[in-house]
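For reference, the structure is listed below as structure tokens.
Every chain is numbered from 1, with letters handed out A, B, ... down the list of sequences.
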Number of protein chains: 2
Amino acid sequence: MKKASTIGVGSEAQPPKKARGRPRSFDREAALNAAMEVFWTKGYEAASISDLTSAMGINPPSLYAAFGDKEKLFLATIEQYAASRSDQLCPEQPTAKDAVESYLRFKADLLSGAGHPRGCMLMVAFFTAANASPGLNAVLAKKRAEAREHMRQRIKRGVAEGDVPEGTDAGALADFYATIIAGMAQQARDGASRKSLMATVDQAMAAFPVPSRGAPKKKRDTATA
Amino acid sequence: MKKASTIGVGSEAQPPKKARGRPRSFDREAALNAAMEVFWTKGYEAASISDLTSAMGINPPSLYAAFGDKEKLFLATIEQYAASRSDQLCPEQPTAKDAVESYLRFKADLLSGAGHPRGCMLMVAFFTAANASPGLNAVLAKKRAEAREHMRQRIKRGVAEGDVPEGTDAGALADFYATIIAGMAQQARDGASRKSLMATVDQAMAAFPVPSRGAPKKKRDTATA
DNA sequence: CTTATTTAATATCGATCACTATGAAAAAGG
DNA sequence: CCTTTTTCATAGTGATCGATATTAAATAAG
């Protein structure tokens, strides 16, 4: 009766050592991706175990044995979603403005992309898991905060390097672009085209502050105030 | 057994003619407002009849007799919500930019206001009623489209009157500000302060196109192209 | 082989869902 | 008074929710 607890076993260590009991008859990652699409489409609370098991091609006991419960399965799909979308600003972009713009266009591309449900799964999760456990909501809140923080840090760096005007409020500017991303996620789920989202990115980038001509252009950290 | 069908009776005609049967023992509008707050807080599908009746202070049969069913009650709260927020741009603002800005600030005020749940009920509805009937979703989609259309018309008028540059794509600009509003709704539900939302409005308005100096400034419709 | 271990499939569990049948209570019309 | 009409309140309906007990099947170890 000793439980071996193979719930968390994803891809931590995969030597072909044979397990003891009856082998699993489904692909864990494929089932996880199927579950992700269900949650992405219907939302967390509206996705029933019945919806999930039929999409994953397994029975309820297999789901619970492999993933724990509905919330743990959802968290696993959230991690899968976030990991496959590397929520980070491209560090090769020379200026903060370029970095933010490429990030927004990357997002716009994903939001309107084919082969998966429309919009952002994290936004769907935010609205449809509001009544779920505090622990789940804490994870979601952290994921949301990360994107904003990455942008804020990049803008701050831009100020230090002189491609963003001195005195710019990096936090407020990051909030603005976080608002743009959230808005685009809603618009995309509402059916907005890639072209429409890109036009919104154009508009949003027109508001990015640039140093006035003749302003100090630091190269690194040689302050010339 | 003749049903008198008093479901829709809101405030269409209120002469104090006494009805025939036992009088209703609760205030219909107060109950509607209580239901609105439940839907606004928990979302459409997550709000149970039990949640609703206890917040409204009535029993299930009274709810069904007065409002029909859960979907009809929800639609009634949506109408109440939209009506009490006159989703229209202030026509007294002299320019399209002023009109859009005051609209955004009006929205930011409501989104972060006290005395009611955070965020926009229509956005909560959009995400939490996605699996509901097509009819319900059509109503919600129409409400969303209205705000965008009002902004588009006002921007178009600005182009005609010369306070918006010629050649401006009014639809794309309206899409941009609809994105801002949707994004602010999410941020507000996520806990953003009024101050933070207002800073985002500042940023968003910096992107509003203005005629270059020396550009034609039509007063009304005297074209001078 | 037998035993131990793990998964698969069936058939549920109690709780909650949206909703309602039933009859008493409260008013007006006669 | 009695009848009619409408609402109120109790106590449910069948359906579906998330989650499991149970048993058979499949593998490795001994």
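Figure legend: cation-pi geometry between A:Lys70 and A:Tyr44, with NZ or CZ positioned under 6.0 Å from the six-membered ring centre and within 45° of its axis.
A close approach under 4.0 Å does not occur between any side-chain nitrogen or oxygen of B:Tyr64 and OP1 or OP2 of C:dT20. Listed pair B:Ser62 / D:dC8 meets the phosphate criterion, a side-chain N or O lying under 4.0 Å from OP1 or OP2.
In this pair, A:Phe39 and A:Phe74 present their aromatic rings perpendicular. The plane angle is above 60°, beyond the 30 to 60° band.
Counting non-hydrogen atoms under 4.0 angstrom, B:Ala47 reaches the backbone sugars and phosphates but no base. Using a 4.0 Å heavy-atom cutoff across all strands shown, A:Pro61 reaches at least one base atom of the nucleic acid.
If you find the closest nucleotide of DNA chain D to A:Ser50 and to B:Phe26, the one lying nearer the 5' end belongs to B:Phe26. Comparing A:Asn59 and B:Asp51 by the nucleotide of DNA chain C that holds the closest heavy atom to each, the one mapping nearer the 5' end is A:Asn59.
Between B:Arg105 and B:Glu101 a salt bridge is recorded (basic side-chain N to carboxylate O distance below 4.0 Å).
Listed candidates were D:dA28, C:dA9, C:dA26. Nearest to the side chain of A:Arg20 is D:dA28. Checking C:dA8, D:dG18, D:dA19 against every side-chain atom of A:Ser25, the shortest atom distance belongs to C:dA8. Distances were taken from every side-chain heavy atom of A:Arg22 (C-beta onward) to each of D:dT7, C:dC19, D:dA24; the shortest belongs to D:dA24.
For residues 168-178 of chain B, every residue pair satisfying the side chain to side chain donor-acceptor pair (under 3.5 Å) rule, not counting sequence neighbours, is listed here: B:Arg148-B:Asp175.
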